[in-house]
Amino acid sequence: MVQLGLIGLGKMGFNMRERLRAAGHEVVGYDRNPDVSDTTSLEDLVSKLDAPRIVWIMVPAGDPTRQTITELGNLLSEGDMVIDGGNSKYTDDKLNADLLAAKKIGYADCGVSGGVWGKDNGYGLMVGGTAADVERAMPIFDALRPEGPREEGFSHAGDVGAGHYAKMIHNGIEYGMMQAFAEGFELLEAAKVVNDVPAVIKGWQRGTVVRSWLLDLLVRALDEDPELDDLEGYVEDSGEGRWTLEEAINNAVPAPVISAALFARFASRQEHSAAMRAVAALRNQFGGHAVKKVGG
């Protein structure tokens with residue numbers, strides 16, 4: 001059994017606490033929501049852990065993570081360890097690690113995939129850090145990852161920053177896969193020759209080369225809403241797709257699919273696209289093509 005402090009008990013963190021406890025580990029959680037928190041503050045959390053401590057952070061990337069790590073740096077002791085399991089940008093990891101290293105506190109970054117299904121199915125884990133720190137936290141990783149061979153649900157990607165880098169690329173790939181399914185769905189919907197789009201997509205779940213968990217989730221969504229007309233076509237991005245494209249540019253690696261998927265998300269947020277108005281105006285100017293006037 002391992003004792004662990006867990007900060008951030010939102011959708012992911014709450015389920016991770018439940019999975020770790022089901023595996024027999026002792027988890028002391030802290031969240032600003034007192035209804036789910038085991039402690040009243042970070043100081044209270046640290047006081048309830050036996051040294052040397054391991055504290056896992058699941059809070060939003062950026063300032064919230066940095067502030068949490070800074071506060072922990074003032075509360076933890078030499079020999080303790082912090083794991084950032086949120087979606088931090090990989091370049092933040094060295095800064096966090098250096099801040100803690102000055103106080104002889106270990107640091108590892110862990111990209112976590114699995115969403116709300118991870119509690120039952122396990123989480124895909126991509127970790128960056130020293131071999132010693134990763135080995136020390138391995139009982140925690142083993143409890144969180146899916147059942148089966150460790151190498152199929154867990155990877156020690158490299159030194160500090162490598163875990164979040166791997167998760168960033170993972171999410172960039174996810175953007176492209178989701179966009180491909182979405183465009184296929186729209187094309188099937190537009191075609192007059194196909195009468196039952198949900199049946200076609202459900203029929204792809206076995207034996208086809210596009211079968212996947214994402215496809216299973218699309219089938220689930222269509223079972224609940226066959227035409228998806230209960231939803232607005234507005235899609236946010238959490239940052240990893242943008243960071244992936246920055247890395248593609250920095251490394252001169254062509255990534256047309258991921259870039260198109262990200263730009264499609266941007267387009268989904270435009271109620272009235274200035275670019276498309278310009279295209280309509282140009283088509284009208286050079287070809288006399290009809291245009292639709294606002295309010296017309």
Side-chain angles (χ1 to χ4, degrees), residues 10-12 58-66 84-93 109-118 123-126 128 155 157-158 161-190 201 204 209-222 228-280 282:
K11 293 178 181 178
M12 288 277 282
M58 290 296 292
V59 300
D63 288 340
T65 294
R66 177 57 59 80
D84 177 12
N87 280 329
S88 295
K89 191 172 184 179
Y90 79 98
T91 50
D92 290 344
D93 290 312
D109 54 288
C110 183
V112 181
S113 181
V116 297
W117 302 90
Y123 301 88
L125 306 174
M126 297 142 267
S155 60
H164 281 144
Y165 193 98
K167 178 60 163 43
M168 173 185 69
I169 302 305
H170 166 281
N171 282 24
I173 293 169
E174 181 185 286
Y175 275 45
M177 292 175 66
M178 285 194 288
Q179 187 64 28
F181 279 126
E183 292 174 9
F185 169 76
E186 183 171 0
L187 186 53
L188 287 167
E189 282 273 286
I201 293 176
W204 292 345
V209 296
V210 299
R211 64 189 184 277
S212 65
W213 187 39
L214 279 177
L215 178 64
D216 294 343
L217 294 176
L218 178 56
V219 169
R220 178 185 173 90
L222 291 171
L228 301 182
D229 52 10
D230 289 341
L231 303 173
E232 289 188 12
Y234 183 101
V235 185
E236 283 287 4
D237 67 285
S238 56
E240 295 93 337
R242 302 182 189 214
W243 303 338
T244 299
L245 288 189
E246 288 175 5
E247 287 301 301
I249 293 168
N250 291 339
N251 291 282
V253 173
V257 172
I258 296 173
S259 62
L262 177 63
F263 294 150
R265 294 192 181 197
F266 294 165
S268 78
R269 304 169 206 165
Q270 293 182 289
E271 185 174 354
H272 301 293
S273 169
M276 289 301 97
R277 292 200 303 273
V279 170
L282 286 169

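Residue Thr244 holds its OG1 atom at 10.5 Å from CD of Glu174, rounded to the nearest 0.5 Å. The CE atom of Met12 lies 7.5 Å from the CG atom of Asn87; values are rounded to the nearest 0.5 Å. Distance OG/Ser212 to CH2/Trp204: 10.5 Å, rounded to 0.5 Å. Between the CD1 atom of Ile258 and the CD1 atom of Ile173 there is a distance of 6.0 Å, given to the nearest 0.5 Å. Here Asn171 contributes atom CG and Trp243 contributes atom CH2; the two are 9.5 Å apart, rounded to the nearest 0.5 Å. Rounding to the nearest 0.5 angstrom, the gap separating the CE atom in Met178 from the CG atom in Leu217 is 10.0 Å.
Remark: Asp84 pairs with Ser88 by the side-chain hydrogen bond (donor to acceptor under 3.5 Å, both in side chains) rule, at least two apart or across chains. Listed by chain and residue number, Tyr234, Arg269 satisfy the side chain to side chain contact (heavy atoms under 4.5 Å, CB included) test with Glu236 (two or more places apart in sequence, or in another chain).
Here salt bridge (Lys or Arg N to Asp or Glu O under 4.0 Å) pairs that include residues 240-261, with residues two or more places apart or in two chains, are Lys89-Glu246, Asp237-Arg242.
Taking a 6.0 Å sphere around CD of Glu186, one finds it holds 12 or fewer heavy atoms contributed by other residues, nucleotides or ligands. In this structure, Trp117 places its CH2 atom where only 12 or fewer heavy-atom neighbours from other residues, nucleotides or ligands lie under 6.0 Å away.
Asp109 is not listed as a side-chain neighbour of Tyr90, based on a closest heavy-atom distance of 4.5 Å or more.
Nearest approach of Ala255 to Ala248, heavy atoms of both residues: CB-CB, 4.0 Å. Ala261 and Tyr175 make their closest contact through CB-O, 3.5 Å (heavy atoms, listed as atom of the first residue, atom of the second, distance). Of all heavy-atom pairs between Pro60 and Pro64, the closest is O-CB, 3.5 Å.
A donor-acceptor pair under 3.5 Å is absent between the side-chain atoms of His170 and the main chain of His164, judged by distance alone.
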